[in-house]
Amino acid sequence: MKKALFYSLIIIFFSVIGYLIYLDQNEVSPKVLTIETAYVMMDDEPTLEIPLYINETDHPLKVLDAVEHVSLVSLDSETNILVELINVSYQGSEFYLNQTFDMYLYQLNLPSFDQTFILENAMMAIDLKNGTSYAFTIGKISISPSKPIDYHLNWSKLSGTKMDQSIYERIGCVEIGIFELNKDIVSFFDGFTYSEVFQIKDDVLYLYLNDEPFIYQSFPIEIIFSDGTSQQIPYFNYMNSYHLLKMSGPLIHVYDLNPFI
Amino acid sequence: MKIFNFCLLALVLSLMIPFLTEASSAYKSYESLTIEDGKLLSDFSSEDYQAYYEKVNKRKFIGWQIHEVNRDTKVYYITETLFSYHNDGYTAIDYTYKYTKKETKKIALSATGSIGFKTTGDQQGFKNNLDGSLKLSSDYTNTKEESETYEIKLKVDPGTRVDLYIYGEGKITNGVAAFYWGFFRTMRGGYEIFLVTTQYQRLEKVKI
């Protein structure tokens, strides 16, 4: 009788241990990842797309109808812009640190601005209809009044390359083929800074961009001419990285949505 | 009688193995695909196969024998022209192009011989868990479909054509493998996995 009890207790003990190990392996803490990104818009295209990487299968952050308000906020909370959320859409998935993160794109409609508006240390604040609120660091945002797309520079080609020495997935050089150039170029504006680091060689204008700790893959560029006028090279998606999380470690912010699990 | 039975069994098993067949993958239709060092599976010669097959001829009770030729070798590719638009009128046109591509896959598989594919949900892989035996990095685990949207606003002069190209970089892993079951070889062929890592876009205006 004692033997039977002893063996039963042993079996129960190991079953409990096994069950606890099983629970430990299957408990995935819900997380959101964001990547520090430089967002540049001209106000004729005021739709801003911000990705959130979410590891939980069903979470209200993935559902448009579950969101009450979205606003763009500075880190010091001095700036707070309420924006219209147009859509929340699934864009793909990436495996990162042994978990699969689904990328959801928050498509926001922004107001127009009379002059260049820059929001450094930008956060996206989301209020859900269930009363939960989140604020995620997203990088920095620049919105400028639009400029003519056809002026002194008649361009023939548009492409960009990543600088070899850059550790970040960002464009380092924009190449613009020239059909015709009627005024000298003095500088260009990348949305945040004016730069004179460019050269023209074999009818190609090379604009060299600063290597900053931000993802920078899709943007418009403003070219400034010697007569003080400027022209806009349209918003263009120069590159897509299919392993953005893997390559952006230092730029990633991790938010544990339920830190008490 | 035993010898006859053995010969019959060997004949049946050999008939089960199909002759050289090739499963096509989207990346093979790219305008160009250049490997930095080494050969693509489609460029393996019969001499290459002969040499590589010798490395997977050692019979085992059950499982894959694998000879890897390239692992994570860098490749450069140019895909199809994403769009082409021309203005054969007399005035310039303000043109906005918007396109959503919903079925981009960053991984593509290819095989020759009798190595086959299986599809589980939205994941595609090789039959008999060859993927697992290859011990690929986590980069290769995601085959979910992704969507991408392209929107471009530009002015197109008269007598000008606008083309948008996609080009980029990726990684190739390939080799040959043979599957043994009860010391009999039931599958043998070449395998290749193509992984897109970075994609660039290039817009060109051409006078026509």
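Residue numbers begin at 1 in each chain, while the letters A, B, ... track the order of the sequences. All values below come from the heavy atoms of this structure, side chains included, with hydrogens, waters and symmetry mates left out. Since this is a predicted model, take the numbers as computed values, not measurements.
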Undergrad: Where does Q217(A) contact chain B at under 4.5 Å (heavy atoms): side chain, backbone, both or neither?
TA: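 Q217(A) has no heavy atom closer than 4.5 Å to chain B.
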
Undergrad: Indicate the atoms forming the closest heavy-atom contact of D94(B) with I149(A), along with that distance.
TA: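 Reported closest heavy-atom pair: OD1-CD1, 4.3 Å.
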
Undergrad: Rounded to the nearest 0.5 Å, how far apart are CD1 of I233(A) and CG of L203(B)?
TA: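 These two atoms lie 10.5 Å from each other.
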
Undergrad: Can you tell which part of Y96(A) gets under 4.5 Å to a heavy atom of chain B, answering side chain, backbone, both or neither?
TA: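 For Y96(A), there is no contact with chain B at all, as no heavy atom is under 4.5 Å.
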
Undergrad: Would you mind checking which part of Y167(B) comes under 4.5 Å of any heavy atom in chain A, side chain (CB onward), backbone (N, CA, C, O), both or neither?
TA: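 Just the side chain, heavy atoms under 4.5 Å.
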
Undergrad: Side chains of Q201(B) and N240(A): does their closest heavy-atom pair fall under 4.5 Å?
TA: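 They are in contact (side-chain heavy atoms under 4.5 Å apart), so the answer is yes.
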
Undergrad: Do Y200(B) and K162(A) come within less than 4.5 Å of each other through their side chains, counting heavy atoms only?
TA: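 Of all side-chain heavy-atom pairs linking K162(A) with Y200(B), at least one is under 4.5 Å.
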
Undergrad: For a 4.5 angstrom cut-off between non-hydrogen side-chain atoms, does Y242(A) reach I107(B)?
TA: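 With C-beta onward as the side chain, the pair stays apart.
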
Undergrad: Kindly compute the distance separating CG (L154(B)) from CG (L158(A)), expressed to the nearest 0.5 Å.
TA: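 Reported to 0.5 Å precision, the distance equals 9.0 Å.
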
Undergrad: Tell me whether N182(A) at atom CG has more than 12 heavy atoms from other residues, nucleotides or ligands lying less than 6.0 Å away.
TA: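 Yes, the 6.0 Å shell around CG holds more than 12 heavy atoms from other groups.
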
Undergrad: Looking only at heavy atoms, what is the nearest atom pair of F179(A) and K205(B), with distance?
TA: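 Reported closest heavy-atom pair: CZ-O, 3.4 Å.
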
Undergrad: What part of F236(A) gets within 4.5 angstrom of chain B, counting heavy atoms only: side chain, backbone, both, or neither?
TA: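 Only the side chain of F236(A) comes within 4.5 Å of chain B.
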
Undergrad: Has K127(B) got more than 12 heavy atoms of other residues, nucleotides or ligands less than 6.0 Å from its NZ?
TA: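 Check fails, neighbour count at 12 or below.
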
Undergrad: Say you draw a straight line from OG1 of T197(B) to CD of E169(A); how long is it, rounded to the nearest 0.5 Å?
TA: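 Between T197(B) OG1 and E169(A) CD, I get 8.0 Å after rounding to 0.5 Å.
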
Undergrad: Just checking K62(A): does its NZ atom have more than 12 heavy atoms from other residues, nucleotides or ligands closer to it than 6.0 angstrom?
TA: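 Buried by this count: over 12 neighbours within 6.0 Å.
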
Undergrad: For Q50(B), look at atom CD and say whether over 12 heavy atoms of other residues, nucleotides or ligands are found less than 6.0 Å away.
TA: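 Counting neighbours around CD of Q50(B), 12 or fewer heavy atoms of other residues, nucleotides or ligands fall under 6.0 Å, so no.
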
Undergrad: Crowded around K207(B) NZ? As in, over 12 foreign heavy atoms under 6.0 Å?
TA: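 Count over threshold, so yes.
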
Undergrad: Could you tell me which of E175(A), K157(A), M239(A), M103(A) has the largest number of non-hydrogen atom pairs under 4.5 Å with chain B?
TA: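 Sorted descending by pairs with chain B, the first entry is K157(A).
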
Undergrad: Please check if the number of heavy atoms outside D43(B) that lie under 6.0 Å from its CG is greater than 12.
TA: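 Yes, the 6.0 Å shell around CG holds more than 12 heavy atoms from other groups.
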
Undergrad: Sort D163(B) into side chain, backbone, both or neither according to what part of it lies under 4.5 angstrom from a heavy atom of chain A.
TA: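 D163(B) has no heavy atom closer than 4.5 Å to chain A.
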
